[in-house]
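Written out below as structure tokens is the structure these notes cover.
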There are 2 protein chains.
Amino acid sequence: MEKQKKPDKKMNKPIATVGSSTYQRIKHDIIFGELNPGAKLKLEALKQRYSASSSTLRETLNRLASEGFVEAPEQRGFFVTPVSREDLIEITELRVLLECHALEQSIKNGDTDWEGNLVAAHHKLHLMEQRMLAGDHSEKEMWKRYDWEFHLAMIEACNSKNLLSLHSTLYDKYLRYQMLVLTYRGEEAVVEHKAMFDAALARDASKAKQLLEEHIRNGLEHTLAAM
Amino acid sequence: MEKQKKPDKKMNKPIATVGSSTYQRIKHDIIFGELNPGAKLKLEALKQRYSASSSTLRETLNRLASEGFVEAPEQRGFFVTPVSREDLIEITELRVLLECHALEQSIKNGDTDWEGNLVAAHHKLHLMEQRMLAGDHSEKEMWKRYDWEFHLAMIEACNSKNLLSLHSTLYDKYLRYQMLVLTYRGEEAVVEHKAMFDAALARDASKAKQLLEEHIRNGLEHTLAAM
DNA sequence: ATTTGCAATAATATCTGATATTTTTTGTTT
DNA sequence: AAACAAAAAATATCAGATATTATTGCAAAT
């Protein structure tokens with residue numbers, strides 16, 4: 001018999017520590033361009049802005065550095081990682097490679113739960129897309145979340161924590177470029193999402209992969225054009 | 001008396017900060033099993049062992065956590081990331097995916113310098129392999145270095161910093177499992193290395209990829225069997 | 001005997017402030 | 001404009017202090 005988890009009074013505690021909330025806030029600010037690419041991150045300034053001590057901030061910045069959102073040249077402090085066309089292209093290529101592979105596995109392994117989640121995620125994304133098309137650009141953040149949740153739902157059954165984790169950072173890096181250019185790709189993306197969704201549900205892995213690759217590459221072109 | 005430094009204008013300074021050297025040492029100790037999988041990493045103990053302050057150590061551990069060598073459950077300190085068969089399999093699959101892709105690109109883009117480096121790297125690896133076959137297992141570290149340098153030399157011309165950096169972490173994770181089982185695969189690996197080397201120099205990308213995939217998968221079988 | 005409750009202990013997360021070094025800036029001189 | 005030294009700013013590192021949380025030990029209750 002498996003050891004039952006103690007159903008004791010201790011509930012899940014979503015209480016964030018200063019460290020983890022600072023981490024999220026800085027990462028968010030980098031991704032959404034509130035901290036500009038290349039900007040110097042001076043400890044004093046950050047202490048003010050995020051009301052955290054330098055110890056905590058240095059821990060956070062080290063973490064972000066190892067994920068690639070921050071650069072930390074020895075002895076010279078911290079900088080927001082700069083952006084470049086080459087970097088965007090590299091990120092995109094990696095995303096194609098990893099996300100397509102994950103999608104294939106996911107379609108192979110996905111069970112009913114996976115399908116259910118995917119349907120829900122697509123539905124929510126679709127609603128949001130209608131609002132964006134209707135001109136309501138007020139909720140970048142929400143749109144971003146739903147797009148992410150949809151892409152995640154597609155690959156979630158790939159059965160590899162390592163893959164999902166790599167993909168997640170990659171997606172965030174891509175997202176920063178997306179947020180940088182601020183433009184919404186519109187109808188095309190809607191159509192592509194729907195097509196991928198259908199292919200995935202139909203368990204047509206090779207078609208789904210192909211659509212996903214095009215979708216990601218189209219996004220790249222769109223972003224490059226706007227840079 | 002190495003205290004005094006040449007006040008040369010622009011000299012490379014390979015002088016490690018406490019932070020970076022601690023980082024390297026702990027990472028090394030995890031990879032080479034001197035810190036066991038799952039082990040609790042108590043600050044007090046680490047302070048002793050690495051003679052660094054808790055601030056510095058926490059920075060280091062955060063970095064290692066974000067790379068996946070350390071786990072850091074909120075409010076409960078740090079642990080060496082445990083090992084498992086599933087994890088090893090995931091790591092291997094990812095390595096196949098990334099390294100094969102990188103190899104293909106590298107063969108496509110590699111110039112004369114790349115070839116030169118590759119020849120040199122294979123030569124050094126080969127020498128070391130002869131000594132290993134002859135029974136000299138005293139230099140695990142060196143063998144590891146040469147194997148790494150060979151694999152790196154093959155993919156170095158892939159033209160993607162992001163890819164190389166992901167691959168490097170992945171390789172280190174694989175290496176930990178390798179070091180864990182302590183056995184040397186021997187002649188087979190030597191032959192495989194040579195075959196890959198030849199295919200790469202002959203610019204036969206698809207053959208090289210296939211050989212590399214087999215090479216990595218054979219390594220996995222070997223390690224799994226010994227676990 | 002196992003579970004429950006709670007005090008005692010250990011360990012963590014966070015902050016402050018100090019110091020030695022290094023980088024960057026500034027101002028002067030050639 | 002280049003070179004350079006002095007001054008200022010910022011970093012890396014450390015040693016505590018404190019509040020909070022996790023873990024352990026053990027007695028009481030089931």
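Just so we're on the same page: letters track the sequence lines, and every chain starts at 1.
Residues B:Ser66 and A:Ser66 bring a donor and an acceptor atom of their side chains to less than 3.5 Å of each other. For the residue pair A:Tyr23/B:Asn62, the side-chain donor-acceptor check at 3.5 Å is not satisfied. Between B:Thr56 and B:Ser53, the side chains place a donor N or O and an acceptor N or O closer than 3.5 Å (distance only, hydrogens not considered). No hydrogens or angles considered: a donor-acceptor pair under 3.5 Å links the side chains of B:His215 and B:His193.
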Distance-only donor-acceptor pairs under 3.5 Å for side chains of residues 220-227 of chain B, two or more places apart:
| unit_1 | atom_1 | unit_2 | atom_2 | d |
| --- | --- | --- | --- | --- |
| B:His222 | NE2 | B:Thr183 | OG1 | 3.2 |
| B:Thr223 | OG1 | B:Gln178 | NE2 | 3.4 |
| B:Thr223 | OG1 | B:Gly219 | O | 2.9 |

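Here the side chain of B:Lys40 is nearest to one of C:dA11, D:dA12, D:dA22, namely C:dA11. For A:Thr17, counting side-chain heavy atoms from C-beta on, the closest listed nucleotide (D:dT11, D:dA12, C:dA13) is C:dA13.
When rounded to the nearest whole Å, the span between CZ of B:Phe78 and C1' of C:dA11 equals 12 Å. When rounded to the nearest whole Å, the span between NZ of B:Lys42 and C1' of D:dT23 equals 11 Å. Computed from coordinates, the A:Tyr23 OH to C:dA13 P distance equals 16 Å when rounded to whole Å. Look at CD on A:Gln75: it is 11 Å from C1' on D:dA10, rounded to the nearest Å.
Phosphate contact (OP1/OP2 of D:dA12, side-chain N/O of A:Arg76, threshold under 4.0 Å): absent.
Taking a 4.0 Å limit (strictly below) on heavy-atom distances, residues 43-62 of chain A reaches DNA chain D at A:Leu43, A:Arg58.
Within the structure, the salt bridge (charged side-chain N to carboxylate O under 4.0 Å, His left out) test picks out the following pairs touching residues 113-127 of chain A (sequence neighbours left out): A:Glu115-A:Arg203, A:Lys124-A:Glu149.
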